[in-house]
Amino acid sequence: MNIFAIETSCDETSAAIVKDGIDVQSLTISSQIKIHSEFFGVVPELASRAHTENINWVLGETIKKAGFTFKDFEKKIDAVAWTAGPGLAGALLVGAVAAKSLASVFKKPSVSVNHLEGHLYSAFINQDDQDGGKKNIKIKFPFLGMIISGGHTEMIAVEDFGKYKILGQTRDDAAGEAFDKAAKMLGLFYPGGPIIDKKAQKGRADYIFFTRPYLKDSYDFSFSGIKTALLNYLKKNPLKNEKELNNICASFRQAIAETLCFKAFKAAKDYKIKNIALGGGVCANSLIRKMFLETAAKNNIKVFMPNLLYSADNAAMIGSAAYYKIKKIGFCKDSITMSPNLKLESWSNK
Ligand code: KG4
Ligand code: ZN
């Protein structure tokens, strides 16, 4: 089954064609980072406008990359999917209208997808292997899903596709948001995660000990304390030079990575779960990837991570999640659905 998927929940206008949930035939991601970086975060009005301007090009480019034209859409595509939420209302609407228009013009069934489920199943997508081929990834249920992005930090026990028990979530800032805010304090740019990660590779992680918010007896997260600790540190110790900046980035990254890793493996142990799947922009972090893999090896647990291309926001993960949803509960009959505060919920047939 070939699904044409659209993702516009935040600041990436993206479309993809995904075969049977795992095989990405074509993917286009048009990033708005340049527009938002001077504001140190995403400006909703500018995001909606940029999606409106970009969407037609992104749709056309995705079809072109797959080697056909709009004339063949009806023949080549079986269904259309779009991100219904959570996200920015105006931004989501652009993708929903585009998807529903395609579905209507080409008489295709359609399905709306929760953005978080896109991240949750992104590690299932085929990955590039060293010989230039594709590697099929098999993740067994139950697995522990860790969604770590700019807007979310959620830990979920996934018993089957669409069957969830939410174990913990952030009580304040998401992990990516903490990186972004720290970058702003340090005079760096948006998005802060990749820049802090890069500078951290040249610094000493034991330079400052930032508090690890373990929140005893809970699987929830809280990252605002680490951020405030950084703010207080900088007030007392204004930045001296590049070397110190690298050391602070390394110490900050270490605190976030250790917190995420500690919580995930504690939950996996408590719930006797042997597989962990990461998803979301923050799982591109080089230390987080390394720490999860090393801790997994010591604890006889398997860790799965999406290709870097599928970790941040992209439409391939939406096409993938849509496939599992269609297989399990069929197509949705809703019209143009978008829901900025959509929560992660188990699927039901109603
Ligand atoms: O999943 P995503 O593209 O969008 C949301 O759904 O939020 O995640 C974006 C977030 C940003 O906060 C960005 O700073 C963070 O992912 N990020 C990283 C890295 N690359 C992106 N955080 C830490 N280390 C990275 N290498
Ligand atoms: Zn996301």
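Starting from 1, each residue takes its place in the sequence as its number. Atom set for the values below is all heavy atoms of this structure, side chains included, hydrogens, waters and symmetry mates excluded. Note that ligands are numbered from 1 as they come in the structure, with each ligand's atoms numbered from 1 the same way. Remember, it's a predicted structure, so these values are computed and weren't measured experimentally.
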> So for ligand 1, is Asp313 a polar contact partner (N or O within less than 3.5 Å, distance only)?
yes
> Name the closest protein heavy atom to atom 9 (C) of ligand 1, giving the residue it belongs to and the distance to 0.1 Å.
Gly150 N, 3.7 Å
> Numbering the atoms of ligand 1 from 1, which are under 4.0 Å from a heavy atom of His115?
6 (O)
> Mark up the atoms of ligand 1 that fall under 4.0 Å of a heavy atom belonging to Val282, in ascending order.
15 (C), 16 (O), 18 (C), 22 (N)
> Salt bridge or not for Asp270 and Lys266, using N-O below 4.0 Å?
yes
> Considering only heavy atoms of Gly151, which atoms of ligand 1 have at least one such atom less than 4.0 Å away?
7 (O)
> Which N, O or S atom name in His115 marks its closest approach to the Zn ion (ligand 2)?
NE2
> If Ile, Leu, Val, Met, Phe, Trp and Tyr residues are connected whenever their side-chain heavy atoms lie under 4.5 Å apart, and connections chain through other members, are Val113 and Leu344 in the same group?
no
> Relative to the heavy atoms of His119, which atoms of ligand 1 are at a distance of less than 4.0 Å?
1 (O), 6 (O)
> Show which atoms of ligand 1 fall inside a sub-4.0 Å distance from at least one heavy-atom site of Ala284.
26 (N)
> One pair to check against ring pair (Phe, Tyr, Trp, His ring centres under 6.0 Å): Tyr121 and Phe161. What are the steps and the verdict?
CA-CA 9 Å; Tyr121 300 125; Phe161 288 115; 5.1 Å; yes
> Which of the atoms of ligand 1 are close to Pro191, meaning less than 4.0 Å from one of its heavy atoms?
13 (C), 14 (O)
> Is it true that Asp23 and Lys134 make a salt bridge, defined as a side-chain N closer than 4.0 Å to a carboxylate O?
no
> Pick whichever of Ile148, Leu287, Asp173, Asp197 has a heavy atom sitting closest to atom 26 (N) of ligand 1.
Asp197
> Run the numbers on Thr13 and His51 for side-chain hydrogen bond (donor to acceptor under 3.5 Å, both in side chains), then give the verdict.
CA-CA 6 Å; Thr13 317; His51 284 304; 2.8 Å; yes
> Closer than 4.0 angstrom, basic N to acidic O: yes or no for Lys108 and Glu74?
no
> Is Asp220 paired with Lys263 through a side-chain N to carboxylate O contact shorter than 4.0 Å?
no
> With heavy atoms of Phe179 as the reference, note each atom of ligand 1 found under 4.0 Å away.
22 (N), 23 (C)
> Taking 4.0 Å as the limit for heavy-atom contacts, which would you say applies to Asn285 with ligand 1: side chain only, backbone only, both, or neither?
both
> With backbone taken as N, CA, C and O and side chain as the heavy atoms from C-beta onward, which portion of His152 lies under 4.0 Å from ligand 1: side chain, backbone, both, or neither?
neither
> Backbone N or O of Ser286 within a donor-acceptor pair of the Asp197 side chain at under 3.5 Å?
yes
> How far is atom 18 (C) of ligand 1 from its nearest protein heavy atom, and which residue and atom name does that atom have?
Gly193 CA, 3.5 Å
> Classify the contact between Asp180 and ligand 1 as side chain, backbone, both or neither, using a heavy-atom distance cut-off of under 4.0 Å.
side chain
> Using a strict 4.0 Å threshold on nitrogen-to-oxygen distance, state whether Arg49 and Glu53 make a salt bridge.
no
> If I take the Zn ion (ligand 2) as the centre, what angle separates the OD1 atom of Asp313 from the NE2 atom of His119? Nearest 10 degrees is fine.
100°
> Please list, in number order, the atoms of ligand 1 under 4.0 Å from a heavy atom of Gly176.
12 (O)
> Counting only N and O atoms by type, is there a donor-acceptor contact under 3.5 Å from the side chain of Thr153 to the main-chain atoms of Ser149?
no
> With hydrophobic residues grouped by side-chain heavy-atom distances under 4.5 Å, do Val94 and Leu46 end up in a single group?
no
> Can you tell me which residue and heavy atom of the protein come closest to atom 17 (N) of ligand 1, and the distance to 0.1 Å?
Gly281 O, 3.6 Å
